[in-house]
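Structure first, then comments.
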Amino acid sequence: MDYNFNEIEPKWQQYWRENKTYSASNESDKPHFYVLDMFPYPSGAGLHVGHPLGYIASDIFARYKRQQGFNVLHPMGYDAYGLPAEQYAIQTGQHPAITTEKNIARYREQLDKIGFCFDWDREVRTCDPQYYKWTQWTFIQLFNSYYCTRCQKAKPISNLVDHFAKNGSEGIQVACSEELIFSAEEWNAMSEEEKSKTLMNYRLAYLADIPVNWCPQLGTVLANDEVVNGLSVRGGYPVERKLMRQWSLRITAYAQRLVDGLEQVDWTDSLKEIQRNWIGRSEGAAVWFPLAVDQKQNILPGAMAQMGQCEPVAEPSFEIFTTRPDTIFGVTFMVLCPEHEMIASITTPEHKEEVEAYVTWAKNRSERERQAEVKKVSGVFTGAYAVNPLTNEQIPIWVSEYVLAGYGTGAIMAVPAHDSRDFAFAKHFNLPIRQVVVPAGSNPDELTDPATWTESIDSKAGICVNSGFITGMKVKDGIKAIIGKLDEMGIGHKTVNFRLRDAIFSRQRYWGEPFPIYYKNGIATTLPEECLPLMLPEVKEYKPTATGEPPLGNAEKWAWDEANRCVVETSKIDNKTIFPLELSTMPGFAGSSGYYFRYMDPRNDKEYFAPDVVNYWQNVDLYVGGAEHGTGHLMYARFWCKFLFDLGLAPKEEPFQKLINQGMIQGRSNFVYRSKEDNNLFLSKNIEGREEKTVPIHVDINIVDNDILDIEKFRQWRPEFAEARFELEDGKYVCGWEIEKMSKSMFNVQNPDDLVARYGADTLRLYEMFLGPIEQAKPWDTNGIEGVFRFIRKLWRLFHNEQNVFNVSDEPATKQELKVLHTAIKKVTADIENFSFNTSVSAFMMCVNDLGSLKCNKREVLEPLTIILAPFAPHIAEELYHLLGNEGSVTLAQFPACNESYLVEDAFNYPVSFNGKMRFQIELPLGISQEDAIKAVMEHESTQHYLGGKEPKKVIFVPKRIVNIVM
RNA sequence: GCGGAUAUGGCGUAAUGGUAGCCGCGCCAGACUUAGGAUCUGGUUCCUCACGGAGUGGGAGUUCGAGUCUCCCUAUCCGCACCA
């Protein structure tokens, strides 16, 4: 064999390992560049060809930057906590750490074969105590912080405690779960337990009874991004709404900064938009609607005091949020969510039974039922009335599921004429509809009766009508005017609402980071920082306990001895000096939210990362990973980073400057067609009548090559096919194919190892890049890899004679050869900068084709070629570079710059391409006319030579110095 | 429903507003071969024997010139979804 990748690739991988070629230094005069991949969860199935796609792209970029003289940090690690290892543990009793270790070893083996330039000395694993120590540490910092909305920054909770002691809640501007009002005296009179409970209202990591996504099958709660259509992302089990005491992160405090930060980063618009949608910022007004005066006698005692909190209006009132304050004159009723705390107190006796029944029904509905019946209108009248503060009209108060408890205030003013949901509700219950806006362009004097409408007019483009002092204004101006008026009256103000919810941070699982929290007389207390890490304990069983507690409830040794500062047996809990530890663990996103910092200084035992190190690396320059993390990981990681920024630890507010989403690789399944009559007979795809006579069956893609079935392998594949007979076409069995998800059950998983074994890592790398634009989702199709393999061998032959003896000439290169080389340098450089790796591979192929037809074996051309190829196909580049007699690694050699002067030919030197046409590229003076240019070209002796006296069919002048002559 | 993206040969794709289809797969023909799933050469958008004509999802527009820019429509994919 001429080109022997089996020998070359392991050799250079070993060379890189032994020479620590890719180890990054934390002290360097070179400019820094940080290239990061989203670290993988090591699943039992191993890597498939989709995983390396992003890794290859980032590897190319990292190598390129290194060749440009940057000190490149390009680390890799494992997101090692996760559900599959735990479920495997429940079934088999094998410790998840063992499963994880085994899977990691397998991943590493697969990754190593592809020749990545990772600095493995910096590897991190989220399940490693030396790593999760800092996850726990960050949790403690979150616990000990609150968010000041005045300075838009996290601050120590002790500041708030001091303030409470002096001034009570007076004058604070903070992010909180609910507005609490208390005086300094009241604060100072509180018990420790009450103080603790009050502070939970402000902490950035807090414990609260909140409605959570509870998944009974998984036995755990899930974050919003872990639930899709009422089903868990992992496993697809139903999820229900349940009130539980849980840890949460107050990510909502950062909502505005999370929106603003998107302006500073270089991400795709679509991903930024996904994040904006998820945060869901909307501007509008908060308005207080008082309860009608003659209703007050109906109110239960005690409710008055509660409603008194709805300052600043003295009367009991409801706070609503609207984005359309201009439509306030069109309000005809009000709707509360079924969870609204004032329902019981305002409902009149005659409606009590009905309302209670409705509320109970609504609360017991699962998320999936709710979402499936979004269009179905339901609701109930409370018997109570509120007053529209601008018109003094009384409006009925209803309760309905379509108002959500978690958004705004859980109460809305309903404007059926201009909101489709209110419209549907009004239609269903026969409530009045009043038009207050006419669409732009229609006549305000000719109004139709809203009762005859089939839909509401939701558009903001319009003019206000029937709206008191704002009549005649544009909607936009109306909104401003109403907000001004509400402000003046003291019954409302401009406000901003976010769709984003706080992140639920507890999981009732074993395989995760333990919380550094114990419960001292019921008060959640953090472990001293110097006692971290709090190690995950051993348990007998990985299931929840018999009493329904999380798996850590099974641990024999899971209590905190405060005096001796150590973990002791659970049986010793006395609630004097020995206390129970938290039983939940942290969710998957905990460990992945700050791992990019830890890579900078992974073995630091004293700090998360040293200040001088983080000040050198700053943040991630390039982050490559899947778009499926758009609302989960990327949101949490940005929050985490902003928090560390507030603490003064992170130098930049945004963790990931540029982000590339590699597209998903889908599977390409192959089918054989089995006869309906004869189970042992298989018809080739294109046989007439095959469709009616057969049923398709998935067949392992590894026994199919270019859609041609290997019949012998098929017979051996499964016992039931041993006797298989075939109806062939042209002597071959042609399989059908379809694009499906890559999955074991469809036998369409393509494993990178198999391809490396057959074609080598360089071919795999080039081919994965050649498939198409990196960001695009595409099906895996091994047909075509041969083309790239051919290219590699052609390249090899440029350096070798027919006897496979190394043969390179020191003669100076011709202009034409240099042109070919520098065209490639120019194209490849520009393509790498644009992450357009598929076109750079094309450029290499064209370059080698051209050099092949020129029979060029000149060192002057070949040496730079190996250097620019090194990021893409490092092994063969390394080998050829050394055959040329060079020392050191080609992957560190200076990336050559394009010398443009080679690209401009002497006029008419030779035709650039023959394709039935001749193309001449010439230098023309600026502003030359078309006629003159054609004349000059036609008269040139070189043109005459090529024409050989014949008349061309057509002569076309194209600006950019090109004249085409069609023969 | 809202938002985002995409649409080019048999297939993957390529074209700073300037020859549409580079590069590769597949296919066709040829060369060298005992052989080829090796290698090399040529061809390959469609219609047409040819001359020639048509052509970047459909329709308008801007421009000397549009795959590319603008507007409308259609289809597909992705995200969010009773968020007031």
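Order of the sequence lines fixes the chain letters, A, B, ..., with proteins taken first and strands second; residue numbering starts at 1 for each chain.
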Between B:rG58 and B:rG12 - C1' atom distance, rounded Å
25 Å
Closest to the A:Glu273 side chain, choosing from B:rG4, B:rC40, B:rA38:
B:rG4
Send over the distance from A:Trp780 CH2 to B:rC11 C1', rounded to a whole Å.
16 Å
Once each nucleotide of nucleotides 23-31 of chain B is scored for protein heavy atoms under 4.0 Å, what B/S/- sequence comes out, 5' to 3'?
BSSS-----
Which nucleotide, in any strand shown, forms a Watson-Crick or G-U wobble pair with B:rU70, with both distances under 3.5 Å?
B:rA60
Inter-nucleotide P distance (B:rG18, B:rA66), Å rounded:
11 Å
With rounding to whole Å, what would you report as the distance between B:rG37 and B:rG26 at their C1' atoms?
14 Å
A:Lys376 NZ to B:rA81 P, in whole Å, measures 22 Å
I'd like a table of atom pairs between the protein and nucleotides 71-80 of chain B - only N or O on both sides, under 3.5 Å - with the distance next to each one.
residue : atom : partner  : partner atom : Å
B:rC80  : O3'  : A:Arg499 : NH1          : 3.4

Quantified in whole Å, what is the C1' atom distance between nucleotide B:rU68 and nucleotide B:rU63?
13 Å
Is A:Arg276 touching bases, backbone alone, or none of the nucleic acid, heavy atoms closer than 4.0 Å?
nothing
When you compare B:rC47 with B:rC32, how far apart are their P atoms, in angstrom units rounded to a whole number?
33 Å
Say you pick atom C1' in B:rU13 and the same atom in B:rG24; how far apart are they, in whole Å?
9 Å
Please work out if A:Pro773 contacts a base, only the sugar-phosphate, or nothing of the nucleic acid, heavy-atom cut-off 4.0 Å.
sugar-phosphate
Is A:Ser420 near enough to B:rG1 that one of its side-chain N or O atoms lies under 4.0 angstrom from OP1 or OP2?
no
Rounded C1' spacing from B:rU48 to B:rU33 in Å:
39 Å
Could you identify the nucleotide paired to B:rU76, looking across every strand shown and requiring Watson-Crick or G-U wobble geometry with both distances under 3.5 Å?
B:rA5
How is A:Ile412 classified with respect to the nucleic acid when contacts are heavy atoms under 4.0 Å: base, sugar-phosphate, or nothing?
base
Counting Watson-Crick and G-U wobble pairs only, both distances under 3.5 Å, name the nucleotide matched with B:rA14, or none.
none
Atom-to-atom span, CG of A:Asp781 to P of B:rU13 - whole angstrom
11 Å
Are the charged groups of A:Glu263 and A:Lys272 less than 4.0 angstrom apart, N to O?
no
For atom P, what is the distance between B:rC69 and B:rA5, given to the nearest Å?
12 Å
Name the pairing partner of B:rC46, where a pair is Watson-Crick or G-U wobble with both distances under 3.5 Å, or state none.
B:rG53
In whole Å, what is the span from the CG atom of A:Asp850 to the C1' atom of B:rC22?
11 Å
Neighbours of RNA chain B within residues 400-407 of chain A, by heavy-atom distance under 4.0 Å:
A:Glu401, A:Tyr402, A:Val403, A:Leu404, A:Tyr407
Base-pairing assignment for B:rC40 (Watson-Crick or G-U wobble, both under 3.5 Å):
B:rG30
When the side chains of residues 491-500 of chain A are checked against the rest of the protein, which donor-acceptor pairs come out under 3.5 Å, sequence neighbours left out?
residue  : atom : partner  : partner atom : Å
A:Arg499 : NE   : A:Asn277 : O            : 3.2
A:Arg499 : NE   : A:Trp278 : O            : 3.3
A:Arg499 : NH2  : A:Trp278 : O            : 3.3

With A:Trp453, which residues qualify under ring pair (Phe, Tyr, Trp, His ring centres under 6.0 Å), at least two apart?
none
For RNA chain B, determine which residues of residues 823-839 of chain A have any heavy atom closer than 4.0 angstrom to one of its atoms, and list them numerically.
A:Asn838, A:Thr839
